[in-house]
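Report on the following structure.
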Amino acid sequence: MAVESHITDPALAAALETSRAARDQAAVLVDMFAAASASHNSSSSSGGGGPLPAAVLADLSKQQKLLMTNMAQLRGLHRVAHFRARETKAHTAVARHEVDVLHLQLQNLYYEQRHLEGEISACESFDHTYQSLPLIPVQDFLTLHPEHAEDDETALMTARINHERMEREALEQQRQELIKRKQKLIAENKKRRDDLANLDKDLEKYIDVSFFLLVFVFISPRVKLEVRSGC
């Protein structure tokens with residue numbers, strides 16, 4: 001494949017064209033010098049070597065000037081191409097840095113995506129506590145709350161959990177009230193037991209006093225009469 005098919009920059013294309021022209025000019029100059037030298041040597045072989053004719057030297061000088069012109073133009077184009085290549089390298093380095101930054105950001109996004117997918121998978125497979133809650137059946141709940149019939153699965157589960165929470169709070173409130181009533185009854189029973197215990201003590205005292213009164217009223221006079229009759 002020709003080199004020209006890979007070159008799209010105008011400066012490089014001009015430098016290549018000038019280099020080709022300088023090469024061809026140098027080849028023409030070399031051929032002219034070789035032909036002139038051979039012709040001069042053959043014509044002056046008997047008389048020894050001498051300088052080339054003035055006309056030949058003028059032609060050679062003319063071709064040499066053309067070659068030097070092409071070389072000067074080629075050096076200028078080469079300098080321009082060198083600066084253009086340096087600028088292209090700088091732009092390429094900046095663009096490569098931007099591409100590297102974007103590639104790094106893309107890799108970070110891929111890593112974050114894989115991390116989030118793993119978290120989502122873990123959440124989906126996690127054995128949540130609400131799944132084992134003793135909730136009432138769905139049909140019973142919808143019978144009590146028909147306004148949730150069109151809810152999706154998440155909203156329906158949330159409503160069922162809220163219903164269960166309110167029911168448990170109501171039951172807990174009833175339990176607390178029953179505990180208070182139980183404690184009140186226990187206190188009342190204790191007071192009654194204490195009252196009964198005090199009543200038993202009072203009754204025992206009353207019985208003792210009554211016994212002594214009976215003894216004093218009924219038994220003491222009889223004993224006195226029997227003592228008198230014996231005397």
Side-chain angles (χ1 to χ4, degrees), residues 1-16 77 79-201:
M1 184 177 292
V3 178
E4 291 82 354
S5 61
H6 298 284
I7 297 176
T8 58
D9 186 79
L12 291 179
L16 182 61
L77 292 175
R79 187 180 298 108
V80 172
H82 178 71
F83 290 148
R84 293 284 296 275
R86 183 180 297 176
E87 293 177 358
T88 303
K89 288 182 180 179
H91 292 314
T92 303
V94 173
R96 181 179 300 171
H97 177 70
E98 293 178 354
V99 171
D100 291 340
V101 171
L102 292 175
H103 183 265
L104 180 60
Q105 292 177 353
L106 181 61
Q107 293 298 322
N108 291 335
L109 289 176
Y110 281 149
Y111 174 79
E112 186 175 358
Q113 179 184 4
R114 289 193 297 269
H115 175 71
L116 292 177
E117 288 176 350
E119 291 294 329
I120 292 173
S121 178
C123 291
E124 290 178 348
S125 60
F126 182 74
D127 188 13
H128 296 279
T129 306
Y130 76 88
Q131 295 178 346
S132 59
L133 291 176
L135 304 177
I136 63 174
V138 178
Q139 296 300 327
D140 295 343
F141 174 78
L142 293 178
T143 301
L144 296 174
H145 302 279
E147 66 274 9
H148 295 286
E150 301 298 330
D151 291 349
D152 56 11
E153 183 179 357
T154 303
L156 182 60
M157 178 59 71
T158 303
R160 292 175 64 195
I161 293 175
N162 290 332
H163 174 266
E164 183 67 22
R165 178 180 59 81
M166 289 187 293
E167 291 293 328
R168 293 193 180 190
E169 288 177 352
L171 291 175
E172 178 64 20
Q173 185 177 1
Q174 294 178 7
R175 189 179 73 87
Q176 294 295 333
E177 292 177 355
L178 292 175
I179 289 175
K180 291 179 180 179
R181 290 179 58 186
K182 178 182 177 182
Q183 292 175 350
K184 183 178 179 181
L185 291 175
I186 291 174
E188 291 178 354
N189 290 334
K190 183 177 183 300
K191 184 177 180 301
R192 291 175 180 176
R193 283 198 301 269
D194 294 339
D195 293 341
L196 290 175
N198 294 330
L199 183 60
D200 290 339
K201 292 179 181 179

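Computed from a predicted model, the values in this text were never measured in an experiment.
- Atom CD of Glu147 has more than 12 neighbouring heavy atoms from other residues, nucleotides or ligands inside a 6.0 Å radius.
- Each of Arg114, His115, Gln113 was checked for a side chain to side chain donor-acceptor pair (under 3.5 Å) with Glu117, and the lone residue meeting it is Gln113.
- Within the structure, side chain to side chain donor-acceptor pair (under 3.5 Å) pairs that include any residue of residues 171-183 comprise Glu172-Arg175, Glu172-Gln176 (at least two apart or interchain).
- Between the Arg160 side chain and the Phe141 main chain, no donor and acceptor come within less than 3.5 Å of each other.
- Taken to the nearest 0.5 Å, the CG atom of Leu171 stands 8.5 Å off from the CD atom of Glu164.
- Between the side chain of Ser125 and the main chain of Ser121, a donor-acceptor pair closer than 3.5 Å is present.
- Crowding of Glu153 atom CD: a count of heavy atoms from other residues, nucleotides or ligands under 6.0 Å not exceeding 12.
- To the nearest 0.5 Å, atoms CG (Leu142) and CD (Glu150) are separated by 10.0 Å.
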Step-by-step side-chain contact (heavy atoms from CB on, under 4.5 Å) determination, Arg165 to Arg168
CA-CA 5 Å; Arg165 178 180 59 81; Arg168 293 193 180 190; 5.9 Å; no
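- Nearest approach of Leu156 to Asp151, heavy atoms of both residues: N-CB, 4.0 Å.
- A distance of 11.5 Å separates CG in Asp140 from CG in Leu135, rounded to the nearest 0.5 Å.
- Listed by first then second residue, pairs satisfying side chain to side chain donor-acceptor pair (under 3.5 Å) with a partner in residues 91-106 read His103-Gln107, not counting sequence neighbours.
- Rounded to the nearest 0.5 angstrom, Asn189 CG and Asp195 CG are separated by 11.5 Å.
- One N or O on the side chain of Asn198 and one on the backbone of Asp194 form a donor-acceptor pair closer than 3.5 Å.
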Would you please test Ile136 and His163 for side-chain contact (heavy atoms from CB on, under 4.5 Å) and show each step?
CA-CA 9 Å; Ile136 63 174; His163 174 266; 3.6 Å; yes
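- Between atom CD of residue Glu169 and atom CE of residue Met166 there is a gap of 8.5 Å, rounded to the nearest 0.5 Å.
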